[in-house]
Amino acid sequence: MSEKRPLALITGASSGLGLELSKQFAQNGYDLAISGSSDRIFEAAEVIRGLGANAYPHQADAASYDGVESFWTFVKELNRPVEAAVLNVGIGLGGAFADTDLEEELKLISINITGTVHMAKRVVKHMLPNGRGKILVVSSIAATLPTPYETVYGPSKAFGFLFAESLREELRETGVTVTAILPGPTDTNFHSNAGMGSSEIGSSKKNDKELVAKQGFEALMNDVDHVVGGDEATKQEAMENRSTPEPEKAARHAKRARLQN
Ligand SMILES: NC(=O)c1ccc[n+]([C@@H]2O[C@H](COP(=O)([O-])OP(=O)(O)OC[C@H]3O[C@@H](n4cnc5c(N)ncnc54)[C@H](OP(=O)(O)O)[C@@H]3O)[C@@H](O)[C@H]2O)c1
């Protein structure tokens, strides 16, 4: 295999959307540096190698400053320009705000917001002198509405969306592009990990993760500012959310996200 293949980094790639996005990059000629907190990241690397790409797995906790920094140090030591970066890692948390554990919420903020800013800072400063690079921020359709019973999660994804759009404008004409993907509910471990398995969202049919990853990859390659990930119904819902009053969307989401037990 040639080291002339471009290198992409993807956070949170042990499973779910991160792994699917890694497959998209591998199938389109990229090598991959990938991170996850568990040793499943090494299995993910084997999957990627099976597609003919070089894969460089790193196990680190994206909830801590040192964990984010250690992945970036690992990537730098590969001594290759990072041509694409996917800021994917993120966790959810379901339940009534009065009942959920503050520690869990602060961890969510550390991963979804602080960690995203931290890795983006390293990536942008690396890409700018090269005069090229592509950054994909994995946000969510949750960025387009209030998310009761996931009251911290939705706003963390709204942060990712507006962060991506803001950075995109700042970097216009530098050769570094920024794209956001806003997936609808997708068939990964996300909802069960968030303790939402018994909610209407958690137990209903979801978007295909391969489709969502393909849409994100294509939007990034085509330099689109953002794309909604999922089927036509998901795209329609995101469109309607633009003109639906916030209290109406909040009431609808509360019904879907409230735990059933
Ligand atoms: N699935 C959905 O319905 C949906 C919808 C919209 C947006 N999203 C977004 O998509 C992104 C990926 O979620 P997913 O659906 O693929 O969920 P997932 O299946 O739970 O995958 C999460 C990934 O993040 C890694 N991870 C979790 N905690 C970590 C930590 N502390 N440090 C480092 N890595 C960690 C996991 O690897 P390890 O287990 O090895 O840590 C795994 O690779 C998230 O940003 C999420 O907000 C998901």
[Y] and [X], any side-chain heavy atoms less than 4.5 Å apart:
X	Y	result
Arg252	Glu237	yes
Val86	Leu9	no
Phe71	Met119	yes
Leu171	Val178	yes
Val117	Phe159	yes
Thr177	Ile135	no
Asn88	Leu17	yes
Pro81	Leu7	no

Would you say the rings of Tyr153 and Phe190 are close, in the sense that their centroids are separated by under 6.0 Å?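 Yes - the distance between ring centres of Phe190 and Tyr153 falls below the 6.0 Å cut-off.
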
Under 3.5 Å, is there a donor-acceptor pair between the side chain of [X] and the main chain of [Y]?
X	Y	answer
Arg5	Tyr30	yes
Thr179	Leu136	no
Asn222	Val224	no
Asp225	Ala180	no
Lys249	Thr144	yes
Thr11	Val89	yes
Thr147	Glu150	yes
His126	Val82	yes

Decide side chain to side chain donor-acceptor pair (under 3.5 Å) for Glu240 and Gln236; before the verdict, give the C-alpha distance in whole Å, the side-chain angles of both, and the deciding distance to 0.1 Å. CA-CA 6 Å; Glu240 286 169 10; Gln236 183 68 30; 3.0 Å; yes

Over all atoms of both residues, closest heavy-atom pair of [X] and [Y]:
X	Y	result
Ala158	Ala143	CA-CB, 3.5 Å
Leu87	Ala120	CD1-CB, 3.8 Å
Ala60	Ser70	CB-OG, 3.4 Å
Ala238	Val228	CB-CG2, 3.6 Å
Ile10	Gly18	CG2-O, 3.8 Å
Ala33	Val75	CB-CG2, 3.9 Å

Ser37 side chain to Gln59 side chain, donor-acceptor N/O pair below 3.5 angstrom: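 Per modelled atom types, Ser37 and Gln59 side chains form no pair under 3.5 Å.
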
Going by atom types only, do Asn54 and Arg80 share a side-chain donor-acceptor pair under 3.5 Å?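 Side-chain D/A pair, Asn54 to Arg80: absent.
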
Between [X] and [Y], is there a side-chain N and carboxylate O pair less than 4.0 Å apart?
X	Y	result
Arg49	Glu46	yes
Glu69	Lys121	no
Lys107	Glu104	no
Lys23	Glu20	yes
Lys214	Glu210	no
Arg168	Asp223	yes
Arg132	Glu83	yes

Do Arg40 and Ser15 pass the side chain to side chain contact (heavy atoms under 4.5 Å, CB included) test, and can you show the C-alpha distance, the side-chain angles, and the key distance before you say yes or no? CA-CA 8 Å; Arg40 291 186 307 155; Ser15 63; 3.6 Å; yes

Run His253 and Glu200 through side chain to side chain contact (heavy atoms under 4.5 Å, CB included) and show every step you take. CA-CA 10 Å; His253 190 83; Glu200 188 182 311; over 6 Å; no

Verify side chain to side chain donor-acceptor pair (under 3.5 Å) between Asn207 and Thr234, making sure each step is shown before the conclusion. CA-CA 8 Å; Asn207 287 293; Thr234 303; 3.1 Å; yes

With the 4.5 Å side-chain cut-off for hydrophobic clustering, are [X] and [Y] part of the same group?
X	Y	value
Leu21	Val212	yes
Trp72	Val176	yes
Val124	Met127	yes
Val123	Phe74	yes
Phe25	Val227	yes

Derivation and outcome, side chain to side chain contact (heavy atoms under 4.5 Å, CB included), residues Phe217 and Asn28: CA-CA 10 Å; Phe217 181 81; Asn28 284 281; 3.4 Å; yes

How long is the gap from [atom1] on [X] to [atom2] on [Y], to the nearest 0.5 Å?
X	Y	atom1	atom2	answer
Lys76	Arg122	NZ	CZ	10.0 Å
Ile41	Ser22	CD1	OG	7.0 Å
Ser156	Ile109	OG	CD1	8.0 Å
Phe163	Ser139	CZ	OG	12.0 Å
Leu78	Asp31	CG	CG	9.5 Å

So, using side chain to side chain donor-acceptor pair (under 3.5 Å) as the criterion, who are the partners of Glu103 when residues are at least two apart?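 Not a single residue meets the side chain to side chain donor-acceptor pair (under 3.5 Å) criterion with Glu103.
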
With side chain to side chain contact (heavy atoms under 4.5 Å, CB included) as the criterion, how do Val152 and Phe97 come out once you've worked through the C-alpha distance, each side chain's angles and the decisive distance to 0.1 Å? CA-CA 8 Å; Val152 179; Phe97 183 72; 4.0 Å; yes

With clusters built from Ile, Leu, Val, Met, Phe, Trp and Tyr whose side-chain heavy atoms come within less than 4.5 Å, directly or transitively, what are the remaining members of the cluster of Leu182, listed by chain and number?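 Under the 4.5 Å side-chain rule, Leu182 groups with Phe161, Leu162.
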
Using the six-membered ring wherever Trp is involved, compare the ring planes of His118 and Tyr65 and label them parallel, tilted or perpendicular (cut-offs 30° and 60°).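 It falls in the tilted class, 30° to 60°.
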
Residue pairs involving residues 186-197 (criterion side chain to side chain donor-acceptor pair (under 3.5 Å); sequence neighbours excluded):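 Not a single pair qualifies under side chain to side chain donor-acceptor pair (under 3.5 Å).
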
Between Glu169 and Arg172, is a salt bridge (charged side-chain N to carboxylate O under 4.0 Å, His left out) present by the stated rule, with each step listed? CA-CA 5 Å; Glu169 175 60 21; Arg172 196 152 53 86; 2.8 Å; yes

